[in-house]
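See structure below.
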Amino acid sequence: MVDCPRAPFYVCGPTASGKSALALEYAHKLDGEIVNADAFQLYRGIETLSAAPSPAEQGDIPHHLYSQLDPAIAIDAGRYCLLAQPVITEILSRGKTPIITGGSGLYLKFLTHGPSPLPVGNAALRSEFESQPLAYLVAQLTKIDPLEASRTSLENRRFVSRALEICILSGSKASDLRDGWEAKTANISSSLRGIVIQRSRPDLHARIAQRTKMMMECGAIEEVANLSDVSANCEKAIGFREIRALLRGEIDRAHCEELINAATRQYAKRQETWFRREAWLEISRA
RNA sequence: GGCCCGAUAGCUCAGUCGGUAGAGCAGUGGAUUGAAAAUUCACGUGUCGGCGGUUCAAAUCCGUCUCGGGCCA
């Protein structure tokens, strides 16, 4: 099934689909070590909330890039890539197979296709954009880079801001930079190997509900209560706002769980949409 | 037992003077290379609780029954 053990193997799928367990199987099969590709399991102190594999679940397989980051620190796909690449290289150098496991589609894409030569996000610029009306940003982008404007969802403030940010920081057109990178990475997918777990919606929804219940019973509330200095980035973890509202007494426990379930289901759906496009992933029906 | 209020989309509800119904949430599909567990776009037919009546026309008015909730006994 696998002819080249010394190349990374990707285990993907929506949240609560059973990636951690499957990754463990592959680690045994391929003489591998597991590397996290989940934006929130990177953080320390929210292991329960982010459903990171517990020490018991990790078994005898080395797990990398879990509980590494202080919650006060913000991270993005590019910085994740910088963290993960040396780890992957190191695993390969020991003759082991990196089993890259996670559900953060963008982070995985950075790993598989590499970061593009676009400038990194700039906080000052972003907060400036935040104070501008969207129509103004759209007008600016249309003036500077009409091609990029025509390809961007102009209702999506974040995408418009990013495109404008690229133009301003790089001094070139975002469309040119993106085209160059697209061309360069066009053939990468054919050399990748990995699987995506697929489950029926009712099954996945049931698993989500069950996991939320477990989280709430097994320390997620305490984790949120104990975090004092949290980056805006880390605060976006599903369950964070909901549990804070519970702690403030604004909602009850059942309502809190249902809000978390709904947000998780929606996230899982977005993940499925993302992975459907990654045609190189072999489908694993669970 | 009597009286009152309610029953409309999976859920919460709106619906004017009668002209066969629409919001939010949920759900589904999509976009997405440095905020991504983020952000964003599109998608709304349902015995208007049942039966009968009035009317050219009933979610809307009348009667009755059923089921909730409340009040009085």
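These figures come from a predicted structure and were not determined experimentally. Throughout, protein chains are lettered first and strands after them, A, B, ... in sequence-line order, and every chain is numbered starting at 1.
- Between A:R178 and A:D145, none of the side-chain N atoms (NZ, or NE/NH1/NH2) sits under 4.0 Å from a carboxylate O, so this pair counts as no salt bridge.
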Exercise. What would the secondary structure line of RNA chain B be in dot-bracket form, counting Watson-Crick and G-U wobble pairs under 3.5 Å, with [ ] for pairs that cross earlier ones and | for pairs with another strand?
Worked result: (((((((..((((.....[..)))).(((((.......))))).....(((((..]....)))))))))))).
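- Looking only at distances, a side-chain donor or acceptor of A:E242 sits under 3.5 Å from a matching main-chain atom of A:G239.
- Under 3.5 Å, the side chains of A:Q271 and A:T15 contain no donor-acceptor pair of N or O atoms.
- Across B:G19 and B:A58, the matching C1' atoms stand 10 Å from one another, rounded to whole Å.
- In this structure, A:N36 places its CG atom 11 Å from P of B:A37, rounding to the nearest Å.
- When the C1' atom of B:A38 is taken as reference, atom NZ of A:K109 falls 18 Å away, rounded to whole Å.
- Atom CG in A:L118 sits about 16 Å away from atom C1' in B:A36, given to the nearest Å.
- In summary, A:R265 and A:E258 engage in a salt bridge, as defined by a charged side-chain N under 4.0 Å from a carboxylate O.
- Rounded to whole angstrom, the span from the CZ atom of A:F110 across to the C1' atom of B:G34 amounts to 5 Å.
- Residue A:E235 is classed as having no contact, given no heavy-atom separation below 4.0 Å to the nucleic acid.
- Taking the six-membered ring where the residue is Trp, A:F9 and A:Y26 present parallel rings, their angle staying beneath 30° rather than reaching 60°.
- Within 3.5 Å, no donor on the side chain of A:N233 pairs with an acceptor on the base of B:A38, nor the reverse.
- In this structure, the side chain of A:R199 does not engage the main chain of A:L204 through any donor-acceptor pair within 3.5 Å.
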Collect all protein-nucleotide pairs involving nucleotides 27-31 of chain B in which both atoms are nitrogen or oxygen and the distance is under 3.5 Å.
residue: B:G27; atom: OP1; partner: A:R265; partner atom: NH1; Å: 2.7
residue: B:G27; atom: OP2; partner: A:Q266; partner atom: NE2; Å: 2.9
residue: B:U28; atom: OP1; partner: A:R201; partner atom: NH1; Å: 2.7
residue: B:U28; atom: O5'; partner: A:R201; partner atom: NH1; Å: 3.4
residue: B:G29; atom: OP2; partner: A:R201; partner atom: NH1; Å: 2.9
residue: B:G29; atom: OP2; partner: A:R201; partner atom: NH2; Å: 3.0
residue: B:G29; atom: N7; partner: A:K269; partner atom: NZ; Å: 2.6
residue: B:G30; atom: OP1; partner: A:R276; partner atom: NH1; Å: 3.2
residue: B:G30; atom: OP2; partner: A:T273; partner atom: OG1; Å: 3.4
residue: B:G30; atom: OP2; partner: A:R276; partner atom: NH1; Å: 2.0

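- The same atom, C1', is picked in B:G44 and in B:G2; the two are 43 Å apart, to the nearest Å.
- Atom C1' of B:U12 sits at a distance of 28 Å from the matching atom of B:C51, rounded to the whole Å.
- In terms of phosphate contacts, A:T15 brings no side-chain nitrogen or oxygen within less than 4.0 Å of OP1 or OP2 of B:A37.
- Remark: the A:N233 side chain and the A:Y43 side chain contain an N/O donor-acceptor pair separated by less than 3.5 Å.
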For this session: Could you check A:R276 against A:T273 for side-chain contact (heavy atoms from CB on, under 4.5 Å), going step by step and ending with a plain yes or no?
Result: CA-CA 5 Å; A:R276 238 172 253 148; A:T273 301; 4.1 Å; yes
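- Comparing the same atom, C1', in B:G15 and in B:A59 gives a spacing of 8 Å after rounding to whole Å.
- For A:R126, the salt bridge (charged side-chain N to carboxylate O under 4.0 Å, His left out) partners at least two apart in sequence or on another chain are A:E165.
- Between B:A36 and A:Y107, a contact under 4.0 Å exists linking OP1 or OP2 to a side-chain N or O.
- Spacing between atom NZ of A:K19 and atom P of B:A37 amounts to 10 Å, rounded to whole angstrom units.
- Among the protein residues, A:G114 comes within range of the nucleic acid bases, having at least one heavy atom under 4.0 Å from a base atom.
- The separation of B:U60 from B:U54, taken at their P atoms, amounts to 15 Å, rounded to a whole angstrom.
- With A:R244 as the fixed residue, the salt bridge (charged side-chain N to carboxylate O under 4.0 Å, His left out) test singles out one of A:E235, A:E223, A:E250: A:E235.
- A close approach under 4.0 Å does occur between a side-chain nitrogen or oxygen of A:R178 and OP1 or OP2 of B:G34.
- For A:Y43 and B:A38, the OH to C1' distance is 12 Å, given to the nearest whole Å.
- Atom name C1', nucleotides B:G30 and B:A21: the rounded distance is 29 Å, in whole Å.
- For B:G50 and B:C43, the P atoms lie 30 Å apart once the distance is rounded to whole Å.
- Residue order along RNA chain B, read from the 5' end via each residue's closest nucleotide, puts A:E182 first among A:R211 and A:E182.
- Spacing of C1' atoms, B:C56 relative to B:G70, comes out at 41 Å, to the nearest Å.
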